[in-house]
Amino acid sequence: MTDDIWRLAADWFAENARDLPWRRPGTTPWGVLVSEVMSQQTPVKRVAPAWEAWLDRWPTPADLAAEPTGEAIRMWNRLGYPRRALRLHAAAVAIATDHDNQVPTTIAALEALPGIGTYTARAVAAFAHRQRHPVVDTNVRRVVARLAGRPDAGMATTPADLRAAEQLLPPGEEDAAVTSAALMEIGALICTARAPSCAECPLAAVCEWHASGEELPEGPSRKPQKYTGTDRHVRGLIMAVLREADLPVPRVSLDGVWHEAERRERALAGLVADGLVAVEDERYRLP
DNA sequence: AATTCGTGGAA
DNA sequence: TTTCCAAGAAT
């Protein structure tokens with residue numbers, strides 16, 4: 001039974017995969033890596049146009065590495081979590097410097113890059129280098145949990161999640177890579193968090209959660225995150241000002257973003273500490 | 001292990 | 001309108 005789950009997923013994927021730009025022929029490992037970092041906590045729909053612009057400007061890691069970090073931050077625009085842009089730039093420097101401008105092929109070397117964790121390392125190894133690894137993101141965790149009869153997975157990816165996903169993969173490397181992409185796609189399009197479309201799911205026949213009635217938990221599956229008025233909010237407001245500024249701005253130009261001076265100061269200090277903002281002669285700019 | 005870190009669209 | 005959360009990583 002479980003030995004042909006991967007085929008159900010892969011066959012469905014062959015017919016229903018979205019035409020995402022990084023899935024087109026000719027995409028380089030660098031292109032895959034950029035797509036994965038951009039997609040961390042950001043909807044793929046919003047990533048697509050940003051990815052095309054990024055790869056058009058910086059076709060290889062060395063092209064990005066040659067630029068100041070601020071250029072990466074500005075190009076990142078409103079994808080969110082701009083520290084990802086900083087880490088992607090740092091990863092480009094490491095690849096250009098230590099790996100002959102070639103994206104590493106081992107999990108260990110990939111995980112050693114800034115901003116590349118358990119998920120992204122395996123995604124790059126599988127989707128760029130066509131290796132056989134469990135690729136476990138929030139979609140795969142949810143699909144695997146439901147196959148086993150649970151309505152949702154835990155908060156973070158555990159070694160047990162990796163083992164569970166690995167069990168679903170076929171022996172062949174290429175088949176395994178396709179299967180991982182398929183499981184992610186099913187989670188993103190069919191087996192969604194709020195309103196799963198089990199009637200259209202290729203795995204419904206082998207899904208314990210579907211068999212047992214598709215009961216969803218009542219409350220939010222994560223703790224509700226406040227945003228308005230938080231440091232994160234104010235950091236975003238400050239970064240928006242600096243992204244738009246052509247020249248370094250004085251402190252007063254940042255005072256308008258939020259009414260509480262204390263929170264403004266804390267947000268700005270945090271951005272400077274993170275390397276997202278540079279201070280030059282009492283003025284502020286992207287680094 | 002629990003927090004922190006942006007942004008925007010859909011329900 | 002408010003709430004939820006979307007291809008996670010680092011600390």
Side-chain angles (χ1 to χ4, degrees), chain A residues 13 17-18 20-23 31-51 73 76-88 90-91 110-128 133-143 152-159 161-162 165 177 180-189 191-196 216-243 257 266-267 270-271 273-277:
Chain A
F13 186 68
R18 288 170 291 181
L20 302 176
W22 48 88
R23 286 178 177 166
V32 172
L33 190 157
V34 172
S35 79
E36 294 301 339
V37 173
M38 285 184 168
S39 300
Q40 293 167 358
Q41 299 289 282
T42 299
V44 164
K45 173 75 173 176
R46 250 194 312 148
V47 167
W51 181 86
I73 295 166
W76 197 256
N77 197 23
R78 311 194 59 106
L79 285 179
Y81 293 144
R83 292 189 297 184
R84 289 184 295 162
L86 213 51
R87 291 173 181 146
L88 182 53
L110 286 163
E111 285 187 330
L113 296 172
I116 309 298
T118 303
Y119 161 76
T120 306
R122 284 160 184 77
V124 171
F127 303 147
H133 298 284
V135 182
V136 180
D137 72 332
T138 184
N139 292 308
V140 172
R141 294 213 324 279
R142 187 171 56 250
V143 170
D152 205 346
M155 296 291 306
T157 300
T158 65
D161 291 329
L162 291 183
S180 289
L183 292 173
M184 288 175 64
E185 196 79 342
I186 290 168
L189 300 182
C191 192
T192 58
R194 292 195 229 181
L216 286 168
E218 295 183 7
S221 56
R222 307 174 192 176
K223 72 182 59 169
Q225 53 175 346
K226 294 297 181 188
Y227 182 66
T228 304
T230 61
D231 286 6
R232 182 159 30 173
H233 183 190
V234 177
R235 284 167 59 106
L237 295 171
I238 293 171
M239 291 305 293
V241 170
L242 297 183
R243 275 197 308 269
V257 302
R266 188 165 62 247
L271 290 169
D274 288 345
L276 285 165
V277 172

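Protein chains get the first letters and strands the later ones, always in sequence-line order, with residue 1 at the start of each.
Of the candidate nucleotides C/dA10, C/dA7, B/dC5, C/dA7 has the atom nearest to the side chain of A/R18. For A/Y81, the side-chain atoms get nearest to B/dG6 when compared with the rest of B/dG6, B/dT7, C/dC5. Taking the side chain of A/T120 as heavy atoms from C-beta on, and the options C/dA7, C/dA9, C/dA6, the nearest nucleotide is C/dA9. Distance from the side chain of A/R232 is smallest to B/dC5 among B/dC5, B/dG8, C/dA7.
Residue A/W22 is in base contact, counting any heavy-atom pair closer than 4.0 Å across all strands shown. A/G117 comes within contact range of the sugar-phosphate backbone alone, with a heavy-atom separation under 4.0 Å but no base atom that close. Within 4.0 Å of A/L20, counting heavy atoms only, lies at least one base atom of the nucleic acid. Contact annotation for A/A193: backbone-only contact, meaning every heavy-atom pair under 4.0 Å involves sugar-phosphate atoms and none involves a base. Counting any heavy atom pair closer than 4.0 Å across all strands shown, A/R194 reaches a base atom. Contacts of A/T118 with the nucleic acid, taken as non-hydrogen atoms under 4.0 Å apart, involve only primed sugar atoms and P, OP1 or OP2. At a threshold of 4.0 angstrom between heavy atoms, the contacts of A/S35 with the nucleic acid are absent.
Once rounded to the nearest 0.5 Å, the distance linking OG1 of A/T118 with CG of A/L162 reads 6.5 Å.
In terms of position along DNA chain C, the nucleotide closest to A/E185 lies nearer the 5' end than the nucleotide closest to the other residue of the pair A/G115 and A/E185. Mapping A/M155 and A/Y227 onto DNA chain B by nearest heavy atom places A/M155 at the nucleotide closer to the 5' end.
Between B/dG8 and C/dA9, the two P atoms lie 22 Å apart (nearest whole Å). Nucleotides C/dA7 and B/dC5 are separated by 23 Å at their P atoms, to the nearest Å.
Distance, A/D274 CG to B/dT3 P: 19 Å, rounded to whole Å. The CD atom of A/Q41 sits 16 Å away from the P atom of B/dT3 (whole-angstrom rounding). Between A/L183 atom CG and C/dA7 atom C1' there is a gap of 13 Å when expressed in whole angstrom units. A straight line from CG of A/D137 to C1' of C/dA7 spans 5 Å, rounded to a whole angstrom. One interatomic measurement links the two molecules: NZ of A/K226 to P of B/dT3, which rounds to 15 Å at whole-angstrom precision. The distance from atom CZ of A/R141 to atom P of C/dC5 is 13 Å, rounded to the nearest whole Å. In this structure, CZ of A/R235 is placed 10 Å from P of B/dT7, rounded to the nearest angstrom. One can place CG of A/L79 at 14 Å from C1' of B/dG9, the figure rounded to the nearest angstrom.
Annotation: side chain of A/Q41 is in contact with side chain of A/Y81 (closest heavy-atom distance under 4.5 Å). Side-chain contact between A/S39 and A/W51: absent, with no pair of heavy atoms (C-beta onward) separated by less than 4.5 Å. No side-chain heavy atom of A/L216 sits less than 4.5 Å from a side-chain heavy atom of A/D152.
One cannot find a donor-acceptor pair under 3.5 Å joining the base of B/dC5 and the side-chain atoms of A/R84. In this model, a side-chain donor or acceptor of A/T42 finds a partner on the base of B/dG6 within 3.5 Å.
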Steps toward side-chain hydrogen bond (donor to acceptor under 3.5 Å, both in side chains) verdict (A/Y119, A/Q40): CA-CA 9 Å; A/Y119 161 76; A/Q40 293 167 358; over 6 Å; no

Under the criterion side-chain contact (heavy atoms from CB on, under 4.5 Å), I'd like the reasoning laid out for A/I73 against A/L86: C-alpha separation, chi angles, the key distance, then a yes or no. CA-CA 7 Å; A/I73 295 166; A/L86 213 51; 3.8 Å; yes

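Side-chain N/O atoms of A/Q40 include none lying less than 4.0 angstrom from OP1 or OP2 on C/dG8. Residue A/R243 has a polar side-chain atom (N or O) positioned under 4.0 Å from OP1 or OP2 of B/dT7.
Within the structure, the salt bridge (charged side-chain N to carboxylate O under 4.0 Å, His left out) test picks out the following pairs touching residues 112-126 of chain A (sequence neighbours left out): A/E111-A/R122.
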